Structures are given as structure tokens and as C-alpha cells.
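As the structure is a prediction and not an experimental result, all values here were calculated from the model. In the text below, chain A, chain B and the rest are named by the order of the sequence lines, each starting its count at 1.
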2 protein chains.
Amino acid sequence: MPELQAGDFLTSPGAGKPRTLGIIAGGGTLPGQVAAAAAAAGRRVFMIGLEGFAEPLMLAPWPHAVLRMTAAGRILAALRAHGCQDLVLIGSVRRPSLLGLRPDAEGARILARIGISAFAGDDGLLGAVIRVLGEEGFRVIGAQDVLREVLAPAGLLTRAAPDDLALADIRRGIAVARALGAADAGQGCVVQQGLVLALEAAEGTDAMLARCAALARPGPGGVLVKLPKPSQERRADLPTVGLETVRGAAAAGLRGLAFEAGGTILAEREAAIATADAAGLFLLSLDPKSVLEGSEQR
Amino acid sequence: MPELQAGDFLTSPGAGKPRTLGIIAGGGTLPGQVAAAAAAAGRRVFMIGLEGFAEPLMLAPWPHAVLRMTAAGRILAALRAHGCQDLVLIGSVRRPSLLGLRPDAEGARILARIGISAFAGDDGLLGAVIRVLGEEGFRVIGAQDVLREVLAPAGLLTRAAPDDLALADIRRGIAVARALGAADAGQGCVVQQGLVLALEAAEGTDAMLARCAALARPGPGGVLVKLPKPSQERRADLPTVGLETVRGAAAAGLRGLAFEAGGTILAEREAAIATADAAGLFLLSLDPKSVLEGSEQR
């Protein structure tokens with residue numbers, strides 16, 4: 001993909017007026033934040049709410065259509081009808097199984113172009129979807145390019161800081177999350193006193209955290225580590241932490257969260273940090289490489 | 001460790017009469033099976049039932065003492081008092097955290113010899129325990145050396161066999177389980193139609209399976225893959241599947257289980273296979289390397 005400058009999305013080559021930003025929206029509040037940021041910058045917005053994922057209250061303020069994820073023909077037609085060329089894919093979706101799909105005619109044609117092999121692993125599928133969107137004349141840009149402030153800034157974001165035991169757990173969690181990521185199997189884990197309590201796969205971070213209270217050992221609590229996979233499609237699928245993650249971590253007795261600076265979307269940032277501070281948790285936004293090499297940020 | 005021949009445990013160098021076999025017993029029925037096999041071979045047995053793990057009904061038929069896992073001094077004294085030199089460590093335990101330990105005086109001394117670093121990861125800890133037991137004059141042997149038939153034999157054990165989709169899921173599961181194992185983070189996963197539904201860490205296989213029904217996609221069900229870690233301490237911690245695993249897999253809508261031939265304990269074998277046959281599940285005991293190379297056993 002071409003490198004984007006901040007704000008680059010606001011200009012369209014050879015056009016005086018910025019074209020409408022298309023937002024293909026899953027669950028959560030992030031799609032609305034992206035829309036608001038684009039609108040504040042003077043850009044028109046059109047949303048495709050993915051049926052079963054996008055929340056009606058989030059969609060309501062914006063011009064939108066609600067369509068099934070696999071109704072590719074209708075999605076592309078709606079985007080074209082509203083003059084969208086730049087697209088943001090944002091919000092949580094439950095990845096479909098190949099055999100659970102009910103594509104429309106255009107969707108079946110696109111599925112054939114994506115190929116069955118893309119369904120083995122998350123990244124292949126998203127990468128293929130973005131490639132096909134490009135072939136169809138769209139340009140997929142990252143939510144982080146529209147909404148700079150959604151990316152977690154580097155450093156310690158809370159009053160609480162990890163002690164040496166927590167830093168050791170973070171290092172172990174980074175090594176484990178990298179191994180998961182290299183196998184395209186997941187991106188999060190919980191480590192307590194060196195023991196891997198839980199590994200995240202299809203259940204998502206909130207469900208993984210929900211089982212950790214029962215698995216925890218006596219003594220100091222564990223840490224949640226989330227990292228992008230090496231092959232992660234950064235335009236559409238960055239790891240996300242937010243208010244619910246902090247609440248879940250506190251309920252599980254964890255002592256903090258660690259995630260990659262610049263590679264993680266921190267949703268509802270102010271509320272997330274305030275809740276972490278109130279619960280005594282740390283939020284550490286770090287460079288995983290420097291932590292593994294022992295020169296951690298504190 | 002010296003290579004053991006089958007039946008080698010029955011003879012003790014320089015002694016006319018085989019010494020008592022010490023069994024350090026966790027949960028489940030396997031410790032009783034090991035005891036029965038040793039007794040049937042003419043060997044006396046003494047069990048240490050680990051408090052909170054070993055089941056009283058399993059211990060009842062055998063001479064035994066119930067002791068805390070960390071009461072190392074009392075455990076070693078009891079084993080010596082009963083003339084045990086060969087030891088089997090078998091049955092499920094919940095791995096303690098370093099800071100949750102309440103060692104006795106001897107336990108604290110032994111903990112110092114094991115070293116804190118052993119608590120980062122399962123394998124280091126068990127390996128260190130076995131090393132210390134060796135230094136104390138004991139010889140740790142694998143349950144599989146006493147009870148040959150507990151190891152899963154190679155091949156397809158059921159009437160149902162994996163189809164091509166299930167074989168593809170098995171290959172993906174092997175790759176994921178190996179990545180988990182290399183990071184010493186877990187040994188099991190569930191894969192459906194190429195998607196990793198669940199990864200097993202401290203919750204254990206039964207709890208992992210319990211969440212899979214809710215995570216499953218429409219269409220053909222997934223497979224459970226369990227493999228020993230590369231660094232697995234094969235004398236004390238082989239992956240185990242059994243009747244409960246088969247029941248859990250059936251309840252989760254899975255189509256079968258795959259595990260390493262010769263590297264997996266198959267507990268309650270007849271009941272597990274009969275239950276799998278009744279539910280239409282396959283049990284495939286395989287050589288992971290040959291499956292990854294495409295020459296799978298069918």
C-alpha cells in the first residue's frame with residue numbers, strides 16, 4: 001500500500017472536493033468515532049452497517065445502509081452510488097466460516113477471486129478482501145489514518161506502573177503472543193507469575209478475561225498482553241483495547257495491560273485510563289522489541 | 001535418563017526382590033491403573049496422594065498417605081520409610097504459583113535448589129522436580145513404562161474417519177499446537193474449517209471444549225488436536241485424552257480428536273473409543289510429522 005500522510009485521506013487526487021468516505025462498520029463505538037472525525041474534517045461519510053454487528057444507535061446519525069457481510073454486490077453498489085472511493089473497515093465482526101456464507105451473486109464471484117485458501121487464518125482473508133476491493137477501484141485506508149488519536153500513544157498511561165514481577169510476566173506474554181501471532185492463531189494472552197493462564201482465539205479478549213478469575217493463582221495478579229500478529233492487516237484489523245477490556249481485566253484480578261504502541265487501537269481512551277486509575281491497573285503502551293531486549297520503558 | 005526396557009521397572013539392580021513402587025498421585029483414575037498394573041506384575045505399591053487432587057476413592061485400595069504437594073520433607077520421608085526408590089508421577093494437578101506455595105522446611109530447601117526460574121513455564125518446573133528427586137536418590141519412571149497400554153496406539157481407533165476438511169483442520173491444529181508448545185504455553189487447540197476456535201492454557205482441555213459449542217461456525221464441526229510440547233517432560237506430564245475428553249468433544253459439536261501416537265496417554269481406552277463410536281467421532285492417533293508432510297495415516 002502507498003504510505004499515507006496524516007490527513008492525506010482528506011484530499012483526493014485530481015478532485016477539488018474530497019469524496020465521500022465509506023465506512024464498513026462492525027460492532028462497537030469506533031465506527032462512529034471515525035465518522036465523526038471525518039465529518040469534523042469536512043468530509044462526507046457513508047456507512048455500511050454490517051448486519052448483526054453494527055449497532056443501530058451508532059449508525060443512526062449517519063447516512064447508512066445495513067447489509068449482510070456477504071452481500072458483496074449490494075455493498076459495492078451502495079458504496080459506488082454514494083460516491084465513495086476511500087474505505088475504512090472498522091469495528092468488531094465475527095469472522096464467518098467458509099461454509100456458513102450465503103453470498104449474493106457478486107459475493108460468490110468475489111469469493112471465487114478470494115479463494116478458499118484465504119479462509120485458513122484470519123489474515124489471509126482480510127488481506128484478500130482488501131486486495132479485491134482495490135481491484136474494484138476502492139482504496140482501503142486504516143481507521144488510524146482518519147482518527148490519529150485512536151492509536152495508543154507510547155509509554156505508561158496510568159498512575160500505576162508494572163513492578164519487576166509484572167515486567168517479567170509482560171516479557172513472557174510478548175514471547176507467547178508472538179508465537180500465537182506467527183501461527184496466525186491469536187493475538188492475546190494472560191500471564192501470571194510466569195504461568196500462561198489463558199490464550200485468546202475466536203472467543204475474543206473479553207471472554208478470555210472472563211475465565212481468568214477462576215484460573216488465577218494466589219499472590220500478585222497477572223497481566224494481559226495484546227500484540228498485532230506479524231502478518232496483521234494493519235488497515236483493517238489492529239488489536240483493540242478499551243474500557244470493556246480494562247473492566248474485564250480488573251474483574252479478573254489482573255494488575256495491568258500491555259500492548260504495542262502505535263499498533264493498538266485504544267478505544268474510549270479517557271474512560272479506559274480513568275477506570276484503570278480508579279482500579280489501580282497499569283496500561284503500558286510499549287515497543288515489544290525493546291522490552292524483550294531488556295530495555296523496557298517504565 | 002537411561003533408556004528403560006518394558007518391564008525394566010520390575011527389577012532393581014542388585015536386589016532379588018523388586019522394591020516398592022512409589023506413586024505420587026494427582027487427580028483422575030490413572031494413578032489407580034498404574035498401581036493395579038504394578039501390583040498385577042507382583043510389585044508392592046505405596047501412594048502419596050496429593051492433597052486436593054488425588055481422589056480418596058482411588059487411593060483407598062492402596063497403602064497411601066495424603067500430603068500437600070509442597071510438603072517435600074514429609075513426602076520424601078514417607079517414600080523412604082516405605083522402601084520406594086522408583087517413582088511414578090501421575091494424575092492431574094493444578095500447577096502451583098511460586099508465591100502460593102507453603103513449603104515445609106525441606107520443601108523450602110528443595111525450592112531453593114529448583115530455583116525461581118523454573119516457575120516460568122511448566123516444563124522447567126517438572127524437569128527441575130525430577131532432577132532434584134534424582135539427586136535425592138530416587139529414579140522417576142514414566143507411567144507409560146509401567147502401564148504400556150496407557151499410551152495411545154498408532155492409527156485410526158474408531159469407525160469414523162476424518163474427511164479431507166477434517167484432515168486440513170488437523171494439519172492446521174498440529175502447526176498451532178507446535179507453536180504453542182514451542183512457547184511452553186499449551187498443548188491443545190480446536191480448529192474448525194481452518195479457524196482456530198480455542199487455545200488451551202491453564203484451564204485444561206475439558207474447560208476449553210466447554211466453550212467451543214458457543215464459538216462454532218455453521219457447517220462441519222471442528223477437531224481437537226493435542227500434542228506433547230517439544231520440551232515436554234515425558235516421564236511426568238504427557239498429554240492425556242480419555243472418556244471425558246470424548247464426551248466434551250461430542251458436546252462441543254466436534255468431529256474428532258487427533259493426538260500423537262506414543263506420546264499421549266489414552267485413559268479409559270475402551271470406554272473412550274466406544275463413546276466416540278456411539279457419537280460418530282473419530283480418534284486419530286498419528287505421527288504429527290508425517291501428517292504435516294502430507295503422508296497422513298488414514
Side-chain angles (χ1 to χ4, degrees), chain A residues 94-102 116-122 124-125 165 168-169 171-204 207-208 210-212 214-222 225, chain B residues 94-102 116-122 124-125 165 168-169 171-204 207-208 210-212 214-222 225:
Chain A
R94 185 179 153 97
R95 181 177 172 285
S97 77
L98 175 58
L99 298 162
L101 297 175
R102 294 175 297 134
I116 286 174
S117 64
F119 281 77
D122 288 340
L125 181 59
L165 178 62
D169 284 346
R171 281 193 200 94
R172 175 122 168 81
I174 289 171
V176 169
R178 285 186 161 181
L180 289 184
D184 192 12
Q187 54 184 210
C189 63
V190 173
V191 179
Q192 183 195 17
Q193 301 168 32
L195 175 68
V196 181
L197 287 189
L199 300 164
E200 177 186 344
E203 76 274 28
M208 174 180 65
R211 67 176 181 268
C212 285
L215 298 171
R217 272 49 178 167
V225 175
Chain B
R94 187 179 151 97
R95 182 176 172 283
S97 76
L98 176 58
L99 298 161
L101 297 174
R102 295 175 296 135
I116 286 174
S117 64
F119 279 78
D122 289 339
L125 181 59
L165 178 62
D169 284 347
R171 282 194 199 94
R172 174 121 170 82
I174 289 171
V176 169
R178 284 188 161 178
L180 288 184
D184 193 11
Q187 55 184 210
C189 63
V190 173
V191 179
Q192 183 195 17
Q193 302 168 32
L195 175 68
V196 181
L197 287 189
L199 300 164
E200 177 187 342
E203 75 275 29
M208 174 181 64
R211 69 177 179 266
C212 284
L215 298 171
R217 271 50 176 166
V225 175

Measure distances from [X] to the heavy atoms of chain B and classify the residue's part below 4.5 Å as side chain, backbone, both or neither.
{"X": "A/A168", "value": "neither"}
{"X": "A/A182", "value": "neither"}
{"X": "A/A214", "value": "backbone"}

Determine the option with the most heavy-atom pairs under 4.5 angstrom with chain A, choosing from B/G186, B/A183, B/A207.
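If we count pairs closer than 4.5 Å to chain A, B/A183 comes out on top.
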Checking heavy atoms, do the side chain of B/A216, its backbone, both or neither come under 4.5 Å from chain A?
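Looking at B/A216, just its backbone touches chain A.
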What closest approach, in Å, do [X] and [Y] show between heavy atoms, and which atom pair accounts for it?
{"X": "A/L215", "Y": "B/E203", "value": "CD2-CA, 3.5 Å"}
{"X": "B/L197", "Y": "A/A201", "value": "O-CB, 3.4 Å"}
{"X": "A/R211", "Y": "B/L199", "value": "NH2-O, 4.3 Å"}
{"X": "A/A202", "Y": "B/R217", "value": "CB-NH1, 4.4 Å"}

